[in-house]
**Q** 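Could you have a look at this structure, given as structure tokens, before my questions?
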There are 2 protein chains.
Amino acid sequence: MKNITPNFTPASVNCDECPIKDRAVCAYCEKSEMALLEAMKSYKTYAAGDPIIFAGDRMVFVGSVVTGVARLSQTMEDGRKQMVGLLLPSDFVGRPGRSYSAFDVEATTDVTLCRFERKPFEKLLSDIPNLRERMLEMALDELDAAREWMLLLGRKTAREKIASLLTIIARRQNSTATVSKNDITFDLNLTREAMSEYLGLTLETVSRQINALKKDGVIRLEKKRQVHVKDFARLLAETGDDADGGFLA
Amino acid sequence: MKNITPNFTPASVNCDECPIKDRAVCAYCEKSEMALLEAMKSYKTYAAGDPIIFAGDRMVFVGSVVTGVARLSQTMEDGRKQMVGLLLPSDFVGRPGRSYSAFDVEATTDVTLCRFERKPFEKLLSDIPNLRERMLEMALDELDAAREWMLLLGRKTAREKIASLLTIIARRQNSTATVSKNDITFDLNLTREAMSEYLGLTLETVSRQINALKKDGVIRLEKKRQVHVKDFARLLAETGDDADGGFLA
DNA sequence: CGAGAACTTGACTACAATCAAAGGTAGTGG
DNA sequence: CCACTACCTTTGATTGTAGTCAAGTTCTCG
């Protein structure tokens, strides 16, 4: 569909040089354990927009996102679609112990996965405590994120949803240090439609609310996809979260 | 606040006789491992409506729901509230590795917990592979459930939300064998308000939609809190899920 | 039996969805 | 380079679903 992201050349990478080695599922593994994983890994790259796996498909591989952004979503028979997870580098794709995928996984940008055949990986998972340890930690983190998203989907207004999404994207693109600064510019690499799928809205409502925030001076749009926030606290106030929201010890 | 559920007398129970021993976090443990857990467990009962822990509170205990129903929820400053998890017998309360609770936990009915001090439990979790194994499995199951719930919250209509909740409760109360039967009766241990908090609706909308399903002959209400479904497939069709929804190998 | 909680119902409102059309923008090929 | 196409985005008009406000009824249990 599009050209492949060029800044990562899978074939040449050994695990020592892997950009996600400190956060991925293998993060707690020791040298000898890494060797086992390394022996069975293989890289595969997907172009932006391409499906990685469909809900209901047999799940032959599991793996980690090395570069790019993918999304986990669910689609109803009549076409209603809800994104249920955003997969960034180091996030895990697939569920050990289950042979069919419960969700659709699509590449949002070009994506490179570090893949393992599911069966052998499950074997390692039961053999290597460090692997299972990290897996559990990651699952619990994702569970917390999913639950925060449930509050957004169930209770927030359209305007609050947009503000929440913007703060999340702003936080992710700017360093944590930058978050406290009041003047921020960042790119939305999502279409209005992708945002609507994430937020449980229609794309028209997304467009209207973004422009409402702009009209009210909360944000400025440099380009359609580039947002400038003069007063980050103001944007935060629009999310409906309490002041210290999201910072849990 | 209320009287205590009488059909379970904690003090007298050893793990062999525990009603949740096959599904709880300890399910995969062997005799010797059970002994370690048994030595540190203690039961505590909470009356219906009582808080078990508040978001932000220091988390001293973790544990399993033995009897009753509890709920995990999040509240916004202005009072909007979203339930993010339903805790039934065998479900786990608390997150190992985190010292403060991210969510409110309340007893919906009278609830008995089998509690462990968090720190010693975390120690066992790293010592006993069977314990971690089951914990991971449960976390992954909850993650899937949370993601399914995101579809419900983001995209389903009020009627579909009610139908979905009813099927879930029906499934959990009747054995898996019974699910395939078409004639089912079950109790809603939840108030209309609790359902509304779960579904991201108001209690008035919950009431209206339940009565609409009744008027349309999808369900019958024996009592306000007891539902009879003559044709389970019919109820399933109302959820908006595809026919085989929820059955993933 | 009485009081409070839980539930239902009605009238009205509002927010977001839907339907529809028209600008914008980027990429393609003549 | 411009025209053409496809996609993305905005905007407007209208509808519809669920929320809000307000009684009123039915349960539960002390």
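Computation of the quantities below employed the complete heavy-atom set of this structure, encompassing side-chain atoms and omitting hydrogens, waters and symmetry-equivalent molecules. Order of the sequence lines sets the chain letters (A, B, ...), proteins ahead of strands, with each chain counted from 1.
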**Q** Summarise protein proximity over nucleotides 14-28 of chain D in one line of letters, 5' to 3': B for base, S for sugar-phosphate only, - for none, counting protein heavy atoms closer than 4.0 Å.
**A** ----SSBB-------

**Q** Distance-only, no hydrogens or angles: does the A/D187 side chain make a donor-acceptor pair with backbone N or O of A/N189 under 3.5 Å?
**A**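 No, because the side chain of A/D187 does not come within donor-acceptor range (under 3.5 Å) of the backbone of A/N189.
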
**Q** May I ask you to decide whether A/E197 forms a salt bridge with A/R71, counting only side-chain N to carboxylate O separations under 4.0 Å?
**A**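 Counted as a salt bridge, because a side-chain N and a carboxylate O are separated by less than 4.0 Å.
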
**Q** What are the residues of residues 213-221 of chain B, sorted by number, that bring a heavy atom to within less than 4.0 Å of DNA chain D?
**A**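 Under 4.0 Å from DNA chain D: no residue of residues 213-221 of chain B.
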
**Q** Are A/S164 and A/K156 linked by a side-chain donor-acceptor pair shorter than 3.5 Å?
**A**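 Note: A/S164 and A/K156 side chains meet the donor-acceptor criterion.
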
**Q** Do the side chains of A/E142 and B/R147 get close enough for a salt bridge, i.e. N-O under 4.0 angstrom?
**A**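 Yes.
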
**Q** For the helix from C/dC1-D/dG30 to C/dG30-D/dC1, how many degrees between its two end axes (five pairs per end), to the nearest 10°?
**A**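 That helix gives 40° between its end axes.
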
**Q** For B/E193, is there any backbone N or O sitting under 3.5 Å from a side-chain donor or acceptor partner on B/S196?
**A**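 Flag set: sc B/S196 to bb B/E193 pair under 3.5 Å.
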
**Q** Taking atom CG of A/L72 and atom OG of A/S101, what is their separation to the nearest 0.5 Å?
**A**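 So the CG of A/L72 and the OG of A/S101 are separated by 7.0 Å.
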
**Q** Taking only Lys NZ, Arg NE, NH1 and NH2, and the carboxylate oxygens of Asp or Glu, determine whether B/R172 and B/D91 approach each other closer than 4.0 Å.
**A**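 Yes, charged N to carboxylate O under 4.0 Å.
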
**Q** Compute whether any side-chain donor of one residue and acceptor of the other, for A/T112 and A/T45, lie under 3.5 angstrom apart.
**A**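 Side chains of A/T112 and A/T45: pair found under 3.5 Å.
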
**Q** Taking the six-membered ring of B/Y100, is NZ or CZ of B/R58 closer than 6.0 Å to its centre and within 45° of its axis?
**A**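 Checked: cation-pi criterion met.
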
**Q** Got a sec, which residues hit side chain to side chain donor-acceptor pair (under 3.5 Å) with A/D141, two or more places apart in sequence or on another chain?
**A**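 Only B/R95 meet the side chain to side chain donor-acceptor pair (under 3.5 Å) criterion with A/D141.
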
**Q** As a test of understanding, state which of B/L87, B/V25, B/V93, B/L113 forms a side chain to side chain contact (heavy atoms under 4.5 Å, CB included) with B/S64.
**A**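 The single option meeting the side chain to side chain contact (heavy atoms under 4.5 Å, CB included) with B/S64 is B/V25.
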
**Q** Using a 4.0 Å cut-off on heavy atoms, which residues in residues 186-199 of chain B reach DNA chain D? List them by number, or say none.
**A**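 The answer is none.
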
**Q** For A/K81, is there an ion pair with A/E106 - N to carboxylate O distance below 4.0 angstrom?
**A**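 Result for this pair is yes, salt bridge flagged.
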
**Q** To the nearest 0.5 angstrom, please state how far the CH2 atom of A/W149 sits from the CD atom of A/Q82.
**A**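 Going from CH2 on A/W149 over to CD on A/Q82, the span is 9.0 Å.
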
**Q** Roughly how far, to the nearest 0.5 Å, is CZ of A/R208 from OG1 of A/T202?
**A**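 So the OG1 of A/T202 and the CZ of A/R208 are separated by 7.0 Å.
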
**Q** Can you tell me if A/R80 uses its side chain to pair, donor with acceptor, with the backbone of B/R155 under 3.5 Å?
**A**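 Yes: the side chain of A/R80 pairs with the backbone of B/R155.
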
**Q** Identify the 5'-most and 3'-most nucleotides of DNA chain C with at least one atom closer than 4.0 Å to a non-hydrogen atom of chain B.
**A**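 The contact span of chain B on DNA chain C goes from C/dA6 to C/dA11.
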
